[in-house]
Amino acid sequence: MSNDTALFLGQFLRAPATIGAVAPSSRRLAEAVCAPIPERGEPTVVELGPGTGPFTAEIQRRLSGRGHHLAVEVNKTMADLLADRFPAVDVINADAAQLCALLTERGLGQADVVVSGLPWAAFPDSSQRELLGAVISCMGPTAAFTTFSYIHAIPLSSARRFRALLAERFEEVVHGRTVWRNAPPAFVFNARRPRA
C-alpha cells in the first residue's frame with residue numbers, strides 16, 4: 001500500500017462523510033476530470049477536495065505555470081501535505097462553501113474552471129445544494145464545472161439527486177465514459193453554462 005493510499009484510508013476511517021473514498025484517484029481519472037482546463041490564457045482554476053493531489057498534479061501539468069490554481073481542502077492533514085507537495089498551488093484549508101469569499105480575498109473574481117473531487121453522493125440534499133450554489137455563484141457564464149461519481153453509486157438516491165441537481169443548475173451536462181482504470185471505476189460529469 002502506498003503512503004498516499006494509507007493516508008487516504010486513515011482519513012476516510014476518521015471522517016467517511018467528508019473524504020468519501022478509500023484511495024486516491026488514478027491518473028486516468030485525473031486526465032478525464034481535468035480535460036476542461038484551457039490550453040491558453042491565464043485561467044483561474046479552482047479545485048475542490050484535492051485530497052492527496054492526483055487532480056492537482058494533472059491541473060499543474062496542464063497549466064504549466066499559467067493562471068492561478070486554488071485548491072480548497074477541508075481536511076487539514078491533506079491540505080498540509082498538498083501545500084508541501086505543490087508549492088506553486090494556492091492551497092487553503094477551508095470549506096468549499098466559502099469559495100466566493102476565498103476568491104474575493106485573493107482578488108480573483110470568477111473561476112474559469114472548477115474541478116471537484118468532493119464526494120457528492122455522500123452529502124445530504126441540503127449540503128449538495130449549498131455547495132453547488134456556492135460553486136455556481138463564483139463561476140463566469142462560460143465557465144466549466146467537472147466532477148466524477150463512482151459507478152457503484154449510480155443507484156443511490158443521493159447520487160440520482162445530485163445528477164438531477166446538475167441538470168437543474170447547468171444548461172449543459174455531459175456524462176463521460178466510464179474510467180475503468182480507477183479503483184473503483186468512475187465516470188465524469190462535465191457541466192457548462194451555469195444557470196443564474
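It should be emphasised that the depicted structure is a prediction, and the values quoted were computed from it without experimental measurement.
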Taking all non-hydrogen atoms of both residues into account, name the closest pair between Ala134 and Ala97 and its distance. CB-O, 3.7 Å
For the residue pair Ala143 and Pro194, what are the closest heavy atoms and their distance? O-CD, 4.2 Å
For the pair [X] (side chain) and [Y] (backbone), establish whether a donor and an acceptor sit closer than 3.5 Å, ignoring hydrogens and angles.
X: Asp95; Y: Gln98; answer: no
X: Arg160; Y: Pro155; answer: yes
X: Ser158; Y: Ala121; answer: yes
X: Arg163; Y: Ile154; answer: yes
X: Glu73; Y: Gly51; answer: yes
X: Glu42; Y: Gly67; answer: yes
X: Asn93; Y: Ala79; answer: no
X: Arg195; Y: Ala167; answer: yes
X: Thr178; Y: Ala186; answer: no

Nearest-0.5 Å distance that lies between atom [atom1] in [X] and atom [atom2] in [Y]:
X: Arg169; Y: Gln128; atom1: CZ; atom2: CD; answer: 12.5 Å
X: Leu131; Y: Leu99; atom1: CG; atom2: CG; answer: 10.0 Å
X: Ile136; Y: Leu132; atom1: CD1; atom2: CG; answer: 4.0 Å
X: Ile59; Y: Arg61; atom1: CD1; atom2: CZ; answer: 11.5 Å
X: Glu130; Y: Asp125; atom1: CD; atom2: CG; answer: 11.5 Å
X: Glu31; Y: Ser26; atom1: CD; atom2: OG; answer: 8.0 Å

Salt bridge (Lys or Arg N to Asp or Glu O under 4.0 Å) contacts touching residues 137-153 (sequence neighbours left out): none
Residue list, side chain to side chain contact (heavy atoms under 4.5 Å, CB included) with Ala32, at least two apart or on another chain: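 Checked Ala32 against side chain to side chain contact (heavy atoms under 4.5 Å, CB included); matches are Val179, Val188.
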Does any part of the side chain of Gln110, heavy atoms only, come nearer than 4.5 Å to the side chain of Cys138, both counted from C-beta?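 Result no, sub-4.5 Å side-chain heavy-atom pair not found.
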Does atom CD of Glu39 have more than 12 heavy-atom neighbours, drawn from other residues, nucleotides or ligands, at distances under 6.0 Å? no
For Arg106, does the CZ atom have more than 12 heavy-atom neighbours from other residues, nucleotides or ligands under 6.0 Å away?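 Result for CZ/Arg106: enclosed.
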Tell me which one of Thr56, Thr52, Thr77 satisfies side chain to side chain contact (heavy atoms under 4.5 Å, CB included) with Leu82.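 Exactly one candidate clears the test, Thr56.
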Among residues at least two apart in sequence or on other chains, which ones pass salt bridge (charged side-chain N to carboxylate O under 4.0 Å, His left out) with Arg192? none
Residues which pass salt bridge (charged side-chain N to carboxylate O under 4.0 Å, His left out) with Arg66, listed by chain and number, not counting sequence neighbours: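 Applying salt bridge (charged side-chain N to carboxylate O under 4.0 Å, His left out) to Arg66 gives none.
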How would you list all residue pairs meeting ring-ring contact (aromatic ring centres under 6.0 Å, His included) that involve residues 162-188, not counting sequence neighbours? Trp120-Phe162, Phe145-Phe170, His175-Phe187, His175-Phe189, Phe187-Phe189
Under the ring-ring contact (aromatic ring centres under 6.0 Å, His included) rule, what pairs show up with a residue in residues 30-87, not counting sequence neighbours? Phe55-Phe148
